[in-house]
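Here the structure is laid out as structure tokens; the discussion comes afterwards.
In the text below, chain A, chain B and the rest are named by the order of the sequence lines, each starting its count at 1. Please read these numbers as outputs of a predicted model, since none were measured by experiment.
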Amino acid sequence: MAIITLTTDFGTKDHSVGAVKGRILSEMPAVTIVDISHNISPFNILEAAYILKNAYHQFPAGTIHIIGVDSEPSPENKSLIVALNGHYFIGGDNGIISLIAENNSPDNIAEFNVPNLVRNSFPVLNNFCVVACHLARGGKLEVVGKPITKLKDVKDFEPRITNNGNSISGNIIYIDAYGNVVTNISKTLFEAYRNGREFEIIARREKLKKIYNSYNEFIDFDLSTNQRKGDGDFIALFNTTGMIELAIYKSNLQGAGSAATLIGLKYQDLITINFL
Amino acid sequence: MAIITLTTDFGTKDHSVGAVKGRILSEMPAVTIVDISHNISPFNILEAAYILKNAYHQFPAGTIHIIGVDSEPSPENKSLIVALNGHYFIGGDNGIISLIAENNSPDNIAEFNVPNLVRNSFPVLNNFCVVACHLARGGKLEVVGKPITKLKDVKDFEPRITNNGNSISGNIIYIDAYGNVVTNISKTLFEAYRNGREFEIIARREKLKKIYNSYNEFIDFDLSTNQRKGDGDFIALFNTTGMIELAIYKSNLQGAGSAATLIGLKYQDLITINFL
Amino acid sequence: MAIITLTTDFGTKDHSVGAVKGRILSEMPAVTIVDISHNISPFNILEAAYILKNAYHQFPAGTIHIIGVDSEPSPENKSLIVALNGHYFIGGDNGIISLIAENNSPDNIAEFNVPNLVRNSFPVLNNFCVVACHLARGGKLEVVGKPITKLKDVKDFEPRITNNGNSISGNIIYIDAYGNVVTNISKTLFEAYRNGREFEIIARREKLKKIYNSYNEFIDFDLSTNQRKGDGDFIALFNTTGMIELAIYKSNLQGAGSAATLIGLKYQDLITINFL
């Protein structure tokens with residue numbers, strides 16, 4: 001059964017998500033619809049890209065991903081179909097798909113070429129669903145899209161190598177449900193410059209000298225030492241998106257607090273790693 | 001595969017929605033369950049009606065819509081099955097289905113007539129699911145319902161024509177995820193009284209003299225003019241529910257603000273259109 | 001079609017839930033995935049147990065329930081597969097499954113015994129999904145689990161019988177979407193000690209002398225009396241989870257207020273019942 005995913009800033013209260021699902025099921029009863037997220041901050045293309053980039057590759061090849069963020073077509077925001085890494089992405093040419101692709105070249109980039117395109121403020125409902133169902137039925141991309149050569153190029157913050165290769169300066173690119181902060185410094189980049197050296201990660205007034213591979217790796221489970229660290233400690237780890245993340249161990253936004261609230265880290269804040 | 005939708009004020013944290021889906025799947029494994037919304041404000045029948053009215057007709061004919069808002073049966077709130085426009089609605093006789101029907105006469109109105117009705121505080125789980133699955137299996141409405149003649153009549157705010165047909169006074173009936181405000185003045189009503197005249201829309205201290213058909217229609221994409229309007233401007237448009245909506249272009253509740261926060265517009269506030 | 005449910009503290013904004021669903025559908029396209037809740041408070045095992053306990057038994061026997069709360073494996077938190085009442089539970093040995101089981105003995109308790117277990121911070125994605133899909137395909141538990149003898153024993157607050165059987169002291173164990181508060185005093189316990197006596201329920205400064213079986217049972221629908229009680233009154237009822245609940249009739253967190261906000265009742269607060 002074909003799979004269509006939805007990533008939007010529609011929220012889950014309004015009629016929008018329900019209407020879209022109804023339209024898809026009317027077009028094509030035998031389809032699996034999966035919500036990636038409907039809580040993207042309004043018009044936030046960086047957030048939409050971050051979330052979908054870290055979810056889409058878990059789906060089977062051939063999955064169709066509808067992106068309902070900043071999707072209203074305009075001369076500067078054409079509606080696109082992009083084939084990338086075996087998946088289809090349908091959304092505006094606003095940079096989201098470009099950010100998801102990163103350095104990978106799409107296999108195919110096409111702008112919508114559909115008769116009877118509806119021009120109103122709900123293109124996801126009126127146009128994206130039609131194109132998604134065409135692809136979900138195994139229809140050819142060429143029937144609904146006209147090839148174009150490139151995506152609008154948008155860049156997120158990128159880490160800088162400074163101090164003659166002795167420092168990496170990065171930024172916080174996402175704050176997750178636990179208030180943990182994700183940086184744009186990847187494990188790959190970190191290891192490429194580390195060369196076995198000691199290091200310190202500087203986040204506001206805090207310094208961290210170790211990066212764990214999981215939250216619990218931080219804990220000394222040998223109770224005999226009686227020096228057990230635990231809830232509330234501030235740690236760095238390589239998270240499962242491949243990036244360096246700063247976290248409060250078992251953070252709780254409603255209780256003890258999180259990396260965001262306790263350390264005062266905000267979106268886009270500077271994080272520096274100095275190799276010693 | 002039969003489709004059952006859910007529109008409730010249960011929220012998405014509690015066990016309620018999960019329990020209802022489990023019950024439906026126990027009764028009938030091969031059914032598609034779709035969430036319209038579980039974030040209706042508690043007991044808010046106007047909001048429930050607005051959201052479901054704008055979503056249900058996108059679903060295929062025969063879809064069964066369970067309404068879990070103010071659904072506990074009482075002498076004044078009978079549990080109903082209503083056939084309307086090819087869809088089934090199951091909910092209390094509290095005005096929601098009446099508001100959805102508007103001026104359309106239902107094809108069939110029946111109150112529950114099921115042996116072993118459970119009398120407790122969770123009728124959606126115990127009774128609505130059973131009736132919904134009966135219909136989803138193709139069972140006849142007559143087997144589970146006893147015909148009654150009319151729905152409880154509830155009216156939402158309605159726009160008034162004033163000033164000898166030179167003004168329309170309406171109200172804000174919904175504030176959406178972006179903080180845009182939806183009025184109860186439809187494009188149809190507006191055009192019926194406009195007769196080609198200029199007009200002004202008055203919303204608190206703001207005046208608008210144009211209504212767009214999409215958000216981007218407002219933007220002058222001819223960059224040579226160097227007078228580009230954009231993010232943060234206050235505009236009116238005919239939205240895709242057929243109503244006049246007042247919006248901040250690319251509003252962001254977490255950033256610049258929205259029509260609700262910037263202009264100070266609240267639910268039920270008066271919106272006046274004067275034809276000039 | 002096999003059913004896999006998800007109960008997590010991942011929230012619905014991040015990529016986590018989408019990634020998990022993608023992984024499951026990649027392993028096994030013909031499966032029904034149902035969200036129980038993704039809004040468990042972070043690391044709150046009592047809340048997770050309360051919500052899943054009240055939802056799981058509505059699903060058909062054989063359903064597989066993935067629990068993504070405090071799930072990272074450690075020497076103190078083994079990843080488990082538990083067969084209980086005809087259902088499978090997959091989660092950490094952190095007390096959640098123990099709390100769900102209460103006094104029921106699981107049919108089978110096994111710790112993960114899978115080659116290539118991934119050790120990182122997202123075991124639900126990397127390990128739980130694999131085990132769940134094995135079971136969903138009808139695979140034997142013994143192939144992926146090694147039997148162990150018991151679950152970690154965790155107890156929630158339990159009601160105490162005091163005053164020579166003339167009082168029951170309980171606690172608030174959950175506050176629901178309406179702000180109604182659920183106590184840990186069951187109808188069964190209450191009736192076992194009541195012996196037909198009058199009683200008073202004491203919740204901070206409020207006293208209640210009656211327990212209803214539904215919200216509307218409280219209302220006198222005989223309008224002729226002109227003494228109609230209604231919205232805003234404070235009542236006690238036996239709710240559909242079998243517990244005594246204290247509620248504001250038609251409470252509205254955004255309007256009149258709820259039992260939690262109006263009466264000032266908080267999680268864990270003492271509730272006393274005195275038999276008179």
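For L237(B), the part sitting under 4.5 Å from any heavy atom of chain A is the side chain, from C-beta outward, and nothing else. Neither the backbone nor the side chain of P123(A) comes within less than 4.5 Å of any heavy atom in chain B. In this structure, no portion of I24(A) lies under 4.5 Å from any heavy atom of chain B.
Shown here is R119(A), whose CZ atom has no more than 12 heavy atoms of other residues, nucleotides or ligands within 6.0 Å. Counted within 6.0 Å of NZ on K78(A), heavy atoms from surrounding residues, nucleotides or ligands total 12 or fewer; the atom is thus considered open. Counting non-hydrogen atoms of other residues, nucleotides and ligands closer than 6.0 Å to CG of N104(B) gives a total above 12.
Of the options I33(A), V31(A), L25(A), a side chain to side chain contact (heavy atoms under 4.5 Å, CB included) to T32(B) is made by L25(A) and by none of the others.
Checked by atom type and distance alone, the side chain of N120(A) never pairs as donor or acceptor with a backbone atom of T240(B) at under 3.5 Å. Using a distance-only test at 3.5 Å, with no hydrogens or angles considered, a donor-acceptor pair links the side chain of Y178(B) to the main chain of D9(A). In terms of modelled atom types and a separation under 3.5 Å, the side chain of E72(A) and the main chain of S214(B) share no donor-acceptor contact.
For chain A, the option among N54(B), D35(B), T241(B) with the highest count of heavy-atom pairs below 4.5 Å is N54(B). For the set V20(A), V118(A), L125(A), the entry with the most heavy-atom pairs within less than 4.5 Å of chain B is L125(A). Across S16(A), G18(A), S121(A), P73(A), the residue that shares the most heavy-atom pairs under 4.5 angstrom with chain B is S121(A).
Of all heavy-atom pairs between A19(A) and A55(B), the closest is N-CB, 4.0 Å. Shortest non-hydrogen contact noted between D14(A) and A177(B) is OD2-N, 2.8 Å. For the pair K13(A) and Y174(B), the tightest heavy-atom approach, listed with the atom from each and the gap, is CG-OH, 3.5 Å. Pairing each heavy atom of Q58(B) with each of S26(A), the nearest pair is O-OG, 2.6 Å.
Looking only at side-chain heavy atoms (C-beta outward), I219(B) and S74(A) stay at 4.5 Å or farther from each other.
Distance check, rounded to the nearest 0.5 Å: CD of E76(A) to CG of N216(B) gives 9.0 Å.
H15(A) and Y50(B) have perpendicular rings, their planes meeting at more than 60° on a 0 to 90° scale where under 30° would count as parallel.
Between the side chains of N39(B) and T12(A), at least one donor-acceptor pair of N or O atoms lies under 3.5 Å.
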| said: Using side chain to side chain contact (heavy atoms under 4.5 Å, CB included), reason through D70(A) and K250(B) one step at a time and then give a plain yes or no. | reply: CA-CA 8 Å; D70(A) 189 24; K250(B) 293 206 177 175; 3.1 Å; yes

